[in-house]
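Not measured: the values here are computed from a predicted model. Computation of the quantities below employed the complete heavy-atom set of this structure, encompassing side-chain atoms and omitting hydrogens, waters and symmetry-equivalent molecules.
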Amino acid sequence: MHIGYKRTKMNSLVLVILLFSLVPIVWCYPARCEEEDALLGRCNVPVAVKPICTDIVLGYCDDMPYTKTMYPNLLDNKNREAVETGPEYVLLSVLHTLLKGECTPDLRMLGCSIIAPRCEMNKILKPCRSSCEMLKKNCMHAFETIEMAWPYFLDCDRFFVGEEEGCYDPLESLRGRHEFVVDNSAPEQLSTIIQFTYHSHSQMTNILKKTAAKCSDISRTYSIGRSFEGKDLIVIEFSNNPGQHELLEPEVKYVGNMHGNEVMGRELLIYLAQYLCSEYLLGNQRIQTLINTTRIHLLTSMNPDGYDVAASEIGDTDEQEDAEAPRYNERTSGRANGQNIDLNRNFPDLTSIVYQRRRNKGFRTDHIPIPDSYWFGKVAPETYAVMKWIRSIPFVLSASLHGGDLVVSYPYDFSRHPEEEKMFSPTPDEQVFKLLAKSYADQHPVMPDQSHDRCGGEFANTNGIVNGALWYSFAGGMSDFNYLHTNCFEITVELGCDKFPGESELYTGWQENKEALLTYMETVHRGIKGIVRDESGKAIKGARISVRGIRHDVTTAEDGDYWRILPSGVHIITASAEGYSKVMKKIHLPSRLMKAGRVDFILKSVVEEPDLFVSIPQDTYDRFDPYNKFDEYGRSGSREPEEETQEKPWWWSYFAFLGNNQPTWLLRRN
């Protein structure tokens with residue numbers, strides 16, 4: 001009985017303990033909330049579960065230098081499913097395709113640091129702002145090339161923090177691999193690396209912008225207008241002060257691919273841009289001197305529309321198996337622009353005006369105005385853009401790169417007798433032009449060769465150079481226009497008999513022309529340069545610099561500076577301007593002079609007598625497109641469509657399936 005009583009008491013005690021242990025559970029279980037109580041706010045809200053670190057389960061972020069992330073992420077996505085169905089993640093999945101491999105995986109990993117942020121000890125760590133800013137500087141050009149805005153979630157000031165806030169570098173693993181490669185490279189591997197391939201328009205634009213970003217202290221890209229089909233006519237510039245003319249620093253330009261099917265020059269200028277950038281950074285003293293003393297402009301393709309036609313036909317014929325099938329006609333296909341205009345016949349014919357006036361008193365061969373009648377003809381947008389370009393910058397020297405033969409020709413290109421197709425027609429600067437043509441040809445391993453049994457063999461007796469009109473005559477050429485309308489001296493370089501050579505020949509073309517391209521630019525420092533001022537020290541714009549015996553003057557630029565390329569010897573130089581007295585100086589240029597001689601002038605104000613000074617009819621010279629017939633070429637693109645009918649870019653189809661969640665933040669706002 002005693003034992004039974006004890007057992008009963010023990011069982012009762014266990015039951016009481018169990019009941020008390022259940023009380024907290026029952027007490028903590030939220031009471032059922034009636035609808036009326038909910039409306040009156042009487043219901044208790046459950047305590048939110050504290051976020052914790054979780055594994056990264058995202059296919060495009062599985063190579064991050066960490067394995068844990070947290071939700072909600074920095075974009076407030078609540079879970080993995082929300083991330084994977086969002087436009088940000090979709091963008092990361094297609095970036096490699098859209099940017100043709102440019103800046104990936106760097107951009108993808110930077111994006112993953114936001115949508116799958118690093119988590120340690122149940123706390124999100126933010127990526128460093130410096131990593132974002134560096135990548136944006138190096139990769140912004142890739143987005144600009146495809147006309148895409150920089151993604152909002154890669155806003156360096158919004159989602160990234162400074163090192164003082166304890167950030168981390170999301171690209172650390174990539175930097176480690178890059179540093180390893182560089183540290184173990186042989187010295188000879190540090191030289192400029194160029195891929196000798198053909199480039200589409202987007203690839204060309206991309207590589208030029210990438211090069212400018214790599215050498216941002218000495219380079220920039222800019223557009224001078226658009227082709228008939230709307231492609232940017234992009235120029236890459238090299239200077240120690242890019243974007244601005246510097247006093248006494250001469251301006252040089254190369255123009256490639258004027259005829260769309262003559263492609264070697266286009267590629268050579270792309271390679272030259274990469275070479276100038278890399279060699280400058282590597283400390284090449286010759287390249288550094290050239291860029292620090294010269295402003296260089298490279299218009300890699302003046303006719304991108306024609307190039308597309310030629311390249312597509314080359315591709316089509318490469319795929320043909322039938323040997324009897326018609327082949328690409330390199331003499332015609334793609335030569336003209338999208339309007340079927342030959343751009344090298346589309347400039348104002350000022351040479352005919354020279355021939356008509358050559359017996360007139362006071363006749364000059366410089367700064368001839370564009371006739372009003374020209375504007376009523378068919379002017380290509382590419383021609384229009386180049387004319388505006390060469391009028392806006394005081395170019396001194398230029399070369400246009402062509403194909404179809406192996407020779408350097410120089411003005412005049414139009415015969416002095418209209419019925420003579422092959423007639424020696426020299427300019428007043430015949431000596432200067434021969435000097436310029438030889439400076440290029442002499443540095444080419446084949447052009448000056450005396451063999452007649454080769455490409456360009458018909459010019460073996462003239463050392464690879466020829467007067468243009470003596471070769472064959474045509475009017476409306478770009479070289480004649482440069483010489484007769486501006487201060488610029490331009491030659492034409494024919495780079496080979498095959499206008500569209502195989503890709504395997506591009507490396508040879510670069511090796512044959514690299515030294516010639518550099519040497520020719522350096523010749524801009526032959527002759528004299530200086531500044532023309534009045535007695536108070538004020539620069540005189542538009543003053544004439546005349547050389548006795550050469551009926552062709554150059555004029556001073558905005559800041560009163562000028563350049564005059566001259567052969568060695570003794571010259572009588574005269575500076576004159578309307579309202580000022582003339583000043584004459586005798587100079588001697590040694591044959592081995594390595595840089596332009598400095599010859600300044602100070603002009604005194606005078607009251608002019610009639611017919612004492614032959615001035616440029618400035619009101620007529622400044623009449624560029626006087627009837628605004630082609631003003632649309634100067635605008636940044638065609639008419640702006642209305643917002644609701646705005647045409648979407650080609651890459652928009654990648655996001656079409658997102659419906660109302662499409663990334664409109666990627667559309668660039670004009």
Side-chain angles (χ1 to χ4, degrees), residues 99 102-103 133-150 192 194 199 201-227 231-257 266-282 284 287-302 304 385-386 388-399 488 517-518 521 524 557-559 634 636-637 668 670:
L99 303 183
E102 187 76 19
C103 292
E133 290 173 343
M134 180 62 69
L135 196 60
K136 183 175 182 180
K137 177 181 178 182
N138 292 333
C139 299
M140 187 65 194
H141 68 277
F143 287 86
E144 291 175 348
T145 299
I146 63 172
E147 297 185 344
M148 178 184 284
W150 185 257
T192 301
I194 298 173
H199 298 84
H201 183 74
S202 61
Q203 290 170 337
M204 176 187 73
T205 302
N206 197 17
I207 203 165
L208 294 180
K209 290 189 174 183
K210 179 182 177 182
T211 301
K214 179 181 177 182
C215 289
S216 57
D217 290 340
I218 59 163
S219 183
R220 68 167 183 134
T221 58
Y222 63 95
S223 174
I224 63 171
R226 292 192 176 184
S227 70
K231 299 181 183 72
D232 271 320
L233 303 177
I234 189 169
V235 175
I236 185 167
E237 172 198 331
F238 290 92
S239 166
N240 60 351
N241 189 14
Q244 186 172 340
H245 171 72
E246 289 192 81
L247 193 67
L248 292 173
E249 184 171 283
E251 311 257 0
V252 179
K253 62 182 167 74
Y254 276 125
V255 178
N257 203 204
R266 171 192 176 105
E267 298 304 325
L268 290 183
L269 295 185
I270 296 173
Y271 307 153
L272 179 62
Q274 297 174 80
Y275 180 82
L276 292 175
C277 171
S278 294
E279 291 299 305
Y280 190 98
L281 296 180
L282 291 168
N284 184 320
I287 301 304
Q288 288 184 341
T289 299
L290 178 62
I291 292 175
N292 291 339
T293 60
T294 318
R295 191 177 177 207
I296 302 165
H297 307 255
L298 309 179
L299 174 57
T300 50
S301 178
M302 183 179 168
V386 168
K388 286 195 72 173
W389 182 42
I390 66 178
R391 283 169 57 97
S392 65
I393 296 175
F395 288 114
V396 182
L397 187 63
S398 176
C488 188
L517 289 166
L518 296 175
M521 288 191 289
V524 76
E558 194 75 32
D559 298 322
S636 57
R668 297 179 65 178
N670 294 330

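- Across all non-hydrogen atoms, the minimal contact from Ser301 to Arg266 is OG-NH1, 3.0 Å.
- Separating the CE atom in Met134 from the NZ atom in Lys137 is a distance of 6.0 Å, to the nearest 0.5 Å.
- Counting only heavy atoms from C-beta outward, the side chains of Asn206 and His199 never approach each other to under 4.5 Å.
- With hydrogens and angles ignored, the 3.5 Å screen pairs a side-chain donor or acceptor of Tyr254 with a backbone N or O of Leu517.
- Just one residue in the list Val255, Thr221, Ile224, Leu269 forms a side-chain contact (heavy atoms from CB on, under 4.5 Å) with Val235, and that residue is Ile224.
- Residues Ile207 and Gln274 meet the side-chain proximity criterion, which asks for heavy atoms closer than 4.5 Å.
- Here Ile296 contributes atom CD1 and Leu397 contributes atom CG; the two are 11.0 Å apart, rounded to the nearest 0.5 Å.
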In residues 140-149, what donor-acceptor pairs under 3.5 Å come from side-chain atoms, sequence neighbours left out?
| unit_1 | atom_1 | unit_2 | atom_2 | d |
| --- | --- | --- | --- | --- |
| His141 | ND1 | Asn138 | O | 2.9 |
| His141 | NE2 | Glu102 | OE2 | 3.4 |
| Thr145 | OG1 | His141 | O | 2.8 |

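- Residues passing the side chain to side chain contact (heavy atoms under 4.5 Å, CB included) test with Ala273 are Leu208, Ile236, Phe238, Leu298, sequence neighbours excluded.
- Looking at every heavy atom in both residues, Pro242 comes nearest to Ser219 through CG-N, 3.8 Å.
- Side-chain contact between Glu249 and Asn240: present, with at least one pair of heavy atoms (C-beta onward) separated by less than 4.5 Å.
- Heavy atoms from other residues, nucleotides or ligands lying under 6.0 Å from NZ of Lys210 number 12 at most.
- Under the 4.5 Å side-chain criterion, counting only non-hydrogen atoms from C-beta, Glu558 is not in contact with His245.
- Atom NZ in Lys231 sits 13.0 Å away from atom OG in Ser223 (nearest 0.5 Å).
- We find the OH-CG distance between Tyr222 and Asp232 to be 13.0 Å, quoted to the nearest 0.5 Å.
- Contact of the Cys488 side chain with the Lys253 side chain is registered, since non-hydrogen atoms from C-beta on lie closer than 4.5 Å.
- Under the 3.5 Å distance criterion, the side-chain polar atoms of Gln288 are matched with a main-chain donor or acceptor of Tyr280.
- With Met521 as the partner, the side-chain contact (heavy atoms from CB on, under 4.5 Å) test is satisfied by one option alone out of Ile291, Thr294, Leu290: Leu290.
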>> Applying side-chain contact (heavy atoms from CB on, under 4.5 Å) to Ile194 and Ile270, what does each step give before you reach the verdict?
In response: CA-CA 9 Å; Ile194 298 173; Ile270 296 173; over 6 Å; no

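- Taking every heavy atom of both residues into account, Ala557 and Pro394 meet most closely at CB-CB, 4.1 Å.
- Annotation: side chain of Asn257 is not in contact with side chain of Met302 (no heavy-atom distance under 4.5 Å).
- Once rounded to the nearest 0.5 Å, the distance linking CG of Leu518 with CD of Glu279 reads 9.5 Å.
- With rounding to the nearest 0.5 angstrom, the CG atom of Leu281 is 3.5 Å from the SG atom of Cys215.
- Looking at heavy atoms from C-beta onward, Leu233 lies out of side-chain contact with Trp389 at the 4.5 angstrom threshold.
- At a cut-off of 3.5 Å, with distance as the only test, a side-chain donor of Lys214 or Ser278 sits close to an acceptor on the other residue.
- A side-chain donor-acceptor contact under 3.5 Å links Asn284 to the backbone of Ile287.
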